[in-house]
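Comments concern the structure below.
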There are 2 protein chains.
Amino acid sequence: MQDPPPPAPYGSGRARDPVRTQAEIIEVAVREFADQGYSGARVDRIAERTRTTKRMIYYYFGGKEGLYTAVLEHVYSGIRQREQALDVAGLSPIDAIRRLAELTYDHHVAHPDFIRLVSIENTHRAEHLAKSEALSNLRMPVLDLIAGILEKGRADGTIRADADAVDVHMLVSSYCVFAVANRHTFATIFARDLLDPERRGHYRSMVGELLVRYLTP
Amino acid sequence: MQDPPPPAPYGSGRARDPVRTQAEIIEVAVREFADQGYSGARVDRIAERTRTTKRMIYYYFGGKEGLYTAVLEHVYSGIRQREQALDVAGLSPIDAIRRLAELTYDHHVAHPDFIRLVSIENTHRAEHLAKSEALSNLRMPVLDLIAGILEKGRADGTIRADADAVDVHMLVSSYCVFAVANRHTFATIFARDLLDPERRGHYRSMVGELLVRYLTP
DNA sequence: GCACTTATGTACTAACTAGTACGTTAGTAA
DNA sequence: TTACTAACGTACTAGTTAGTACATAAGTGC
């Protein structure tokens, strides 16, 4: 009698809800893969942490690799959507670049799982990304935004003529990704936490200034 | 009779050479861990690719984790030694910074395994680095070099007063690490290989210019 | 040439892990 | 209400993988 029957957790019987089941699997899998890497992630552990079973992972995603690819597609579609919401209209080209750099910094700091998954995918030489049709042809909207700013700036002489949109994106990304992706080894060796809330403002304005100085003629 | 005895591969009997045995294990393990990540690496595969057996890995390194830590210590000691050989004497502070940035770029491009292992260690939140006494207290010599350059430049007015050595190192690292670490996802999505030999010169001078512009008062 | 330590090889195991065979229930359309 | 399909759960398996028990040979000191 010290063994009361466990209450049926979510109503009686099974709650059939394929959309929620898949969403929940993805959500848990994002964390597991971001935390443990592809090889370190465990399908059983993911299943445990959902309200469904391992069987459903195989039912919906085919297997570990399919689930991982779905996770990549999920997080990339997230950043793509947020990039489309970026707004720098009404700013001068220089201010627009500064704003873009700072917003990118904010975004990356706010989404470490995305950065971790990108690092992990690079460890595997982006082979899953390349295989995914949904992803390998993905053009990121931020590129068009940058190209527009640069063009305007070149026209009014506030931005150097040889500025290239992909390079600008690379500069912003490298700075923002590093702070998140290499946070732990950097902190261990140089005793400085790049994401220390007290230094956020400093590092945030730094990337803006870095880009502005680089792009000024 | 169609089964000729396999020739003893390396002289007759066992060649006892503990130094070479350990060195060979480390060398093979660097590649395996850099290629596959910590969880993806296989102790059996490492053993296969050496002239010794798995038993020796456990004899010398205690286990997979000990071997991985030894690999980290090995590659960090390598970069530390090469940093000590950096020579920017006789250059103006500005030229010294430019040179330092470009040499760091060259170094990182030449040692992708190191960058990959750092990424992998960050995936695991630098827990092995932190545990290793040999590594967690490691001060990188490049920091003193940068500090010296900045001090000289502040004195003669060629470098802004608020420049910080750790931040400068972070700027250089972020750029150089990104090109190697995120090469694959970047190439897949933006169709540009950051390590394309034809673009090396461009990206090499870019990091120098980036730093010089940022540090100019 | 003998005792002892270090280095090495072979063969094995316990535990884990991705994946599956098989059965069952909930909703749906007729 | 019945036949059917999509969604789900349980119990299992085959293969892998880190780690070990045990035996043995190569040097070393005397």
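Letters go in sequence order (proteins before strands), and every chain restarts at 1.
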Presence of A:Thr21 side-chain N/O under 4.0 Å of D:dC8 phosphate oxygens OP1/OP2: yes
Contact under 4.0 Å: B:Thr52 side-chain N or O vs C:dG9 OP1/OP2: yes
Atom of A:Ser39, atom of A:His124 and distance for their closest heavy-atom approach: OG-CE1, 4.1 Å
Closest non-hydrogen atom pair, A:Ala126 against B:Thr185: CB-N, 3.8 Å
Stretch residues 25-48 of chain B: residues that reach within less than 4.0 Å of DNA chain D through a heavy atom: B:Ala41, B:Arg42, B:Val43, B:Asp44
Neighbours of DNA chain D within residues 53-69 of chain A, by heavy-atom distance under 4.0 Å: A:Thr53, A:Arg55, A:Met56, A:Tyr59, A:Tyr60
Interatomic distance, B:Arg51 CZ vs C:dA7 P [rounded to whole Å]: 17 Å
Whole-Å gap separating C1' (D:dA26) and CZ (B:Arg16): 4 Å
May I have the list of side-chain donor-acceptor pairs in residues 175-184 of chain B shorter than 3.5 Å, sequence neighbours left out?
residue	atom	partner	partner atom	Å
B:Tyr175	OH	B:Tyr203	O	2.7
B:Arg183	NE	B:Asp193	OD1	2.9
B:Arg183	NH2	B:Asp193	OD2	3.0

Results of salt bridge (charged side-chain N to carboxylate O under 4.0 Å, His left out) for B:Arg49 - residues two or more places apart only: B:Glu32
Test item: A:His111 and A:Ile79 side chains (from C-beta on) under 4.5 Å apart, heavy atoms: no
Non-hydrogen side-chain atoms of B:Asp167 and A:His202 separated by less than 4.5 Å: yes
Do any side-chain atoms of residues 59-74 of chain A form donor-acceptor pairs under 3.5 angstrom with protein atoms, and if so which ones, sequence neighbours left out?
residue	atom	partner	partner atom	Å
A:Lys64	NZ	A:Tyr38	O	2.9
A:Lys64	NZ	A:Ala41	O	2.9
A:Glu65	OE2	A:Lys131	NZ	2.9
A:Tyr68	OH	A:Glu121	OE1	2.7
A:Thr69	OG1	A:Glu65	O	3.0
A:Glu73	OE2	A:Ser132	OG	2.6

Results of side-chain contact (heavy atoms from CB on, under 4.5 Å) for A:Ala34 - residues two or more places apart only: A:Asp113, A:Arg116, A:Leu117
